Protein chains: 4
Amino acid sequence: MNRRSSKDSRQNIIDAAQRVFLLHGYEGSTMRMIAEQAGISVGGIYLYFKNKEELCLLLIDERLKEFSEKIDAALKKIEDPIDALREYILLSIEYAKKHNEFIITQSREKGFTFGIDIKREFFKRQKEVIKGIIFKGINKGIFVNCNIEEATRVIMGVIRGFVLSLVVDPDNLFDARQCSELILSGLLSRSN
Amino acid sequence: MNRRSSKDSRQNIIDAAQRVFLLHGYEGSTMRMIAEQAGISVGGIYLYFKNKEELCLLLIDERLKEFSEKIDAALKKIEDPIDALREYILLSIEYAKKHNEFIITQSREKGFTFGIDIKREFFKRQKEVIKGIIFKGINKGIFVNCNIEEATRVIMGVIRGFVLSLVVDPDNLFDARQCSELILSGLLSRSN
Amino acid sequence: MNRRSSKDSRQNIIDAAQRVFLLHGYEGSTMRMIAEQAGISVGGIYLYFKNKEELCLLLIDERLKEFSEKIDAALKKIEDPIDALREYILLSIEYAKKHNEFIITQSREKGFTFGIDIKREFFKRQKEVIKGIIFKGINKGIFVNCNIEEATRVIMGVIRGFVLSLVVDPDNLFDARQCSELILSGLLSRSN
Amino acid sequence: MNRRSSKDSRQNIIDAAQRVFLLHGYEGSTMRMIAEQAGISVGGIYLYFKNKEELCLLLIDERLKEFSEKIDAALKKIEDPIDALREYILLSIEYAKKHNEFIITQSREKGFTFGIDIKREFFKRQKEVIKGIIFKGINKGIFVNCNIEEATRVIMGVIRGFVLSLVVDPDNLFDARQCSELILSGLLSRSN
DNA sequence: AATGAATGAGATTTCATTCAT
DNA sequence: GATGAATGAAATCTCATTCAT
């Protein structure tokens, strides 16, 4: 048996939980499945997490934070709004592909209210990021002078659609890069 | 005892099940919830449906068929591809709003395989419908000469994104009509 | 629909019940099965029988009485104890083959007590019949002067074993006639 | 909470299940009865057995194997076919008395097919054992030169009848030893 | 007399959580 | 820290019985 540090054990469980939740959803996953996936005992999970709900919430929280940080780090280096928006979209999709579709699609578990605050906060934050990019683009005369609020909603909607397609209809995906170019083409001022 | 005809009871249960599944997902919904929602006893459900899985599958089947028929009926009367595509998008969203979001979002139930055939068939059918519209539009010179397959995927993706937003982030929806105009604007040939 | 007289309906249900009980046992049979087998509605059964238990009890009673009468009628015409015993054994097996294995084998249902009085009465009665035959045979010097009580038990045991084999291991039955000759050979006095 | 080793618990449940099945049959026994008899919670049973059916099947399997081994061990030490056959019959009845009647009598459960393979295999094996004894007895000139197949069927039938009587009509049993002597007397060559 | 929709009690089964070891 | 046997509550499902029609 591999002895692990407390921190390693915790992370190990979170990672295992994610793999299981992704595959079976919250209600469809059992603590036993997670324990098996993590290679520990059922009781062991409860040494690190109060219960199943908390485990899931912490997992969601961790992923959303990780994603936010990744986005922030990437955008810090980019000046051009076009590049920034493209990067945002590509990163979103890439991250979703890697491990996060489940966060978006599981929102129905526990009657919509499950993790609702965390998610609301996250969406609000992302909205601000996108709005910032568009605002800058319009100011610079690169993007058409559109309704920023509305454009942001469209962009988040398209990304969501792409991510959902990953789950629901993976045989009919359009390319992530095309997805970003499509959105950009709608925003670019005619003079570009 | 509230006596109903067999057919009424059946439909009553399906409708109740839909409301419940929509709210809690498949695993998160219980037969007791459905029974309460339908105003009958739990055992009563089993007079009409073999088990929970069959109930859900029949429900999905019914909705998808109903939607397909609605789409077919609406498009039969429309000649102009622009109008047809707009109608398709608006109907999709309207129908989803009314009762169908859950179908799209529940795909993780039972390890992704739940109702997979029914859904695949449905998506295939809808893809053909959209492709038909675009093909006609291009032939008539109304739409730009784009990659039909790819354009179809984008359209389905955007609709999906809109529908998912209904569930996940209903405070930040963009307007259904705007959604359709956005898509159309991308397809219209510059000469329009 | 075939209208039936009340008496026909009753008998029709009993016969259906027997076929179903025989196949699935008491607990394994449902009123719905019986109704289907009888070609009537579930509720219809309750017009003729108070409940499942009474139906089964009446059925057992009817069969055991029918069998007793058949035996009595057959034996009345027979003078020779050898013939009588042979006939008794052959009739028992024939009757069991036709429809009655279930009566013997279902005694474990409802914790042994199910129909216990009826059966006890029946066994007592049959024991008397067999004892009568043997007594007569001994008196006439045809049978060896054995312990009548004991011989009767053996005979009933062998018949039971044969009947049980019908159910449990039908590929390895010995012939009914051989069964009777076996028993007789044990009883016949050496001088025969 | 009564803590036991995993192995103890398993055996404890099997033993409890046997007592309950014997009394009420398969369909008539409930998991709650078994749990109560075993002194654990209902859910606890499912830690060791997938479901009721598997529990029953494993139980049958265990008993039949145990019996087979007991027979094999006993017969290994016995040279004389008379002693061997007597021992076989006495052991069969003794074992049945102790805990096994239910195996023979429950064959109607689940429409006759329940555990059919296990039982068929068992009967086949026992048939071979008996045939072996008789063959040896005939070869040695101790038994009459009878039809071995047929004699075996008779023997198995008589044992079955005795066992069934244990269940159905325990007030009218003939003695186990008498049962074996009866069978032997039929087989012994007149010169003995 | 007859139906079959509906019920309610109880069966089997699952699983998050606890706790003796 | 770690285990995994055990529990108890709740889920799915079954079915004898009732009762409006």
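In this text, all values refer to a predicted model and were calculated from it rather than measured experimentally. Chain letters run A, B, ... following the sequence lines, proteins first and then strands; every chain starts at 1. Only heavy atoms go into these numbers, but all of them, side chains included; no hydrogens, no water, no symmetry mates.
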> Would a 4.5 Å heavy-atom cut-off, applied to side chains only, mark D:Arg19 and D:Asp15 as touching?
Replying inline: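 Contact flag for D:Arg19/D:Asp15 side chains = yes.
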> Do B:Tyr48 and B:Leu55 have side-chain heavy atoms sitting under 4.5 Å apart?
Replying inline: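 Counting from C-beta outward, B:Tyr48 and B:Leu55 never come under 4.5 Å.
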> Taking for each residue the nucleotide of DNA chain E with the nearest heavy atom, is it B:Gly44 or C:Gly44 whose nucleotide lies nearer the 5' end?
Replying inline: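 Taking each residue's closest nucleotide, the earlier one in sequence belongs to C:Gly44.
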>> More than 12 heavy atoms of other residues, nucleotides or ligands under 6.0 Å from CZ of B:Arg32: yes or no?
In response: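 Counting other residues, nucleotides and ligands, CZ of B:Arg32 stays at 12 neighbours or fewer.
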In whole angstrom, give the distance that lies between atom [atom1] of [X] and atom [atom2] of [N].
X: B:Ile34; N: F:dA11; atom1: CD1; atom2: C1'; value: 12 Å
X: D:Asn12; N: F:dA5; atom1: CG; atom2: P; value: 14 Å
X: A:Arg32; N: F:dA6; atom1: CZ; atom2: C1'; value: 11 Å
X: B:Tyr26; N: F:dA11; atom1: OH; atom2: P; value: 14 Å
X: B:Phe49; N: F:dT12; atom1: CZ; atom2: P; value: 15 Å
X: D:Ile40; N: F:dG8; atom1: CD1; atom2: C1'; value: 13 Å
X: C:Glu27; N: E:dT12; atom1: CD; atom2: P; value: 11 Å
X: C:Ile13; N: E:dA1; atom1: CD1; atom2: P; value: 11 Å

> Would B:Gln11 and B:Glu62 count as having a side-chain donor-acceptor pair, cut-off 3.5 Å?
Replying inline: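 Present: a donor and an acceptor within the cut-off.
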>> Is there a side-chain contact between D:Ser9 and the phosphate of F:dA6, meaning an N or O under 4.0 Å from OP1 or OP2?
In response: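 Checking D:Ser9 against F:dA6: at least one side-chain N or O falls below 4.0 Å of OP1 or OP2.
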> F:dC13 phosphate, OP1 or OP2: any side-chain N/O from B:Tyr46 under 4.0 angstrom?
Replying inline: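 For B:Tyr46, the contact criterion (side-chain N or O under 4.0 Å from OP1 or OP2 of F:dC13) is met.
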> Starting at the 5' end of DNA chain E, what dot-bracket string do you get if Watson-Crick and G-U pairs under 3.5 Å are bracketed, crossing pairs use [ ], other-strand pairs use | and unpaired bases use dots?
Replying inline: .||||||||||||||||||||
Categorize [X] for me: base, sugar-phosphate, or nothing, with a 4.0 angstrom heavy-atom threshold over every strand shown.
X: B:Ser41; result: base
X: D:Tyr48; result: sugar-phosphate
X: A:Leu47; result: base

> Going by an N to O cut-off under 4.0 Å, is there a salt bridge joining B:Lys65 and B:Asp61?
Replying inline: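 Yes.
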> Which of these nucleotides, F:dA11, E:dT7, E:dA16, is closest to any side-chain atom of A:Lys52?
Replying inline: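 Closest nucleotide among those given: E:dA16.
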>> Reading DNA chain F from 5' onward, which residue's closest nucleotide shows up sooner: C:Met31 or D:Val42?
In response: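 Taking each residue's closest nucleotide, the earlier one in sequence belongs to D:Val42.
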>> Pick the closest DNA chain F nucleotide for B:Gly43 and for D:Gly43 by heavy atoms, then say which residue is nearer the 5' end.
In response: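 In this pair, the answer is D:Gly43.
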> Which heavy atom of D:Ala17 sits nearest a heavy atom of D:Leu59, and at what distance?
Replying inline: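 Looking at all heavy atoms of both residues, the closest pair is C-CD2, 4.0 Å.
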> Where does the angle between the aromatic ring planes of D:Tyr26 and D:Phe114 fall among parallel (under 30°), tilted (30 to 60°) and perpendicular (over 60°)?
Replying inline: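 If you compare the ring of D:Tyr26 with that of D:Phe114, the planes turn out tilted.
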